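Since this is a predicted model, take the numbers as computed values, not measurements. Values below: all heavy atoms of this structure, side chains included; hydrogens, waters and symmetry mates excluded.
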Amino acid sequence: MFAKLGVDVGVEAMSTTAEAFGFNDTGVRIPFSVSPSTFDTSLDKAQLALSSIGQYNTRATPLQMAMVAAAVANGGLLREPYLVERTTRRGGETVSTNGPRPVRQAMRPATAVQMRELMEDVVTEGTGTNAAIPGATVGGKTGTAQHGIGNAGTPYAWFVSWAQGERDIEPKVAVAVVVEDASADRSDISGGGDAAPIAKAVMEAVLGS
């Protein structure tokens with residue numbers, strides 16, 4: 001289904017949208033340089049179909065996918081990442097803060113609302129129920145990525161998500177988890193089974209802080 005949708009959208013629109021979220025950006029700093037996520041811009045229809053489901057030359061880092069999840073939760077606004085929010089002295093006085101970071105509209109707010117609803121469904125009644133947090137609204141998306149030549153390696157289990165506490169007026173945390181060496185049979189490795197519980201633990205910790 002998603003492969004066909006990608007072909008229907010076309011290379012130019014798919015590439016433009018991917019790049020709006022940060023794919024193919026070699027200038028991301030946190031402040032150290034990070035590995036870029038990639039979406040090939042020169043594709044035939046078969047390659048585009050594969051790219052649209054995350055295969056062929058499509059590559060994504062956990063940082064990139066956390067940014068995507070955060071943009072969905074934030075009305076389509078994509079914020080530049082940073083590693084350290086502020087530096088303090090031993091007594092707690094602030095020495096420096098990261099300061100404002102560039103923001104861009106990666107998707108229309110109405111589209112972000114639809115995506116949030118779909119991600120909520122994944123957690124309430126889909127493959128991501130292991131990320132559900134009592135009293136909180138959680139959205140997520142599971143994934144299992146091929147690894148190695150001819151898919152010979154252990155598959156990667158993915159889960160991207162965001163969460164909003166019952167007293168929060170907007171989502172408070174976005175998380176991306178990738179498990180590279182899940183200790184399970186290949187057929188049992190999944191984003192919902194291996195990565196979602198980790199994301200849940202992280203989001204619970206942030207919501208409770």
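Under the rule for a ring pair (Phe, Tyr, Trp, His ring centres under 6.0 Å), the partners of Tyr156 that lie at least two apart in sequence or sit in another chain are His147. In this structure, the side chain to side chain donor-acceptor pair (under 3.5 Å) partners of Thr127, at least two apart in sequence or on a different chain, are Thr142. By the side chain to side chain donor-acceptor pair (under 3.5 Å) test, Asp25 is found to be paired with no residue, residues two or more places apart in sequence or in another chain being considered. Residues that satisfy the salt bridge (Lys or Arg N to Asp or Glu O under 4.0 Å) test with Arg104, not counting sequence neighbours, are Glu80. Residues meeting the side chain to side chain donor-acceptor pair (under 3.5 Å) test with Gln47, sequence neighbours left out: Tyr56.
Across all their heavy atoms, Val138 and Ala131 have their closest contact at CG1-O, 3.8 Å. Shown here for Ala13 and Val9, the closest heavy-atom pair between the two residues is CB-CG1, 3.4 Å. The two residues Thr144 and Gly191 come nearest to each other via the heavy atoms OG1-N, 3.7 Å.
Judged purely by atom type and a 3.5 angstrom limit, Thr58 uses its side chain to pair as donor or acceptor with the backbone of Gln55. Looking only at distances, no side-chain donor or acceptor of Glu19 sits under 3.5 Å from a matching main-chain atom of Phe39. Judged purely by atom type and a 3.5 angstrom limit, Thr137 has no side-chain atom pairing as donor or acceptor with the backbone of Glu120. With hydrogens and angles disregarded, no donor-acceptor distance shorter than 3.5 Å links the side chain of Asn130 to the backbone of Pro197.
Taking CZ of Arg86 as the reference point, atom CG of Asn98 lies at 12.0 Å (rounded to 0.5 Å). Rounding to the nearest 0.5 Å places CE of Met65 at 9.5 Å from NZ of Lys141. Distance CG/Leu50 to CG/Leu43: 9.5 Å, rounded to 0.5 Å.
In this structure, Leu207 and Ile133 have side chains that are in contact, with non-hydrogen atoms separated by less than 4.5 Å. At least one side-chain heavy atom of Ile198 sits less than 4.5 Å from a side-chain heavy atom of Val179. When side chains are defined from C-beta on, Met14 counts as touching Ser52, because their heavy atoms get closer than 4.5 Å. Arg116 places a side-chain heavy atom less than 4.5 Å from the side chain of Val72. Using a 4.5 Å heavy-atom threshold, the side chains of Val28 and Pro81 count as touching. Side chains of Phe21 and Met107 form a contact here, defined as non-hydrogen atoms less than 4.5 Å apart.
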Item to check | Worked verdict on Thr41 versus Asn24 for side chain to side chain contact (heavy atoms under 4.5 Å, CB included) | outcome: CA-CA 9 Å; Thr41 58; Asn24 298 334; 3.9 Å; yes
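Counting Ile, Leu, Val, Met, Phe, Trp and Tyr side chains that sit under 4.5 Å apart, directly or through other members, Val103 shares a hydrophobic cluster with Leu77.
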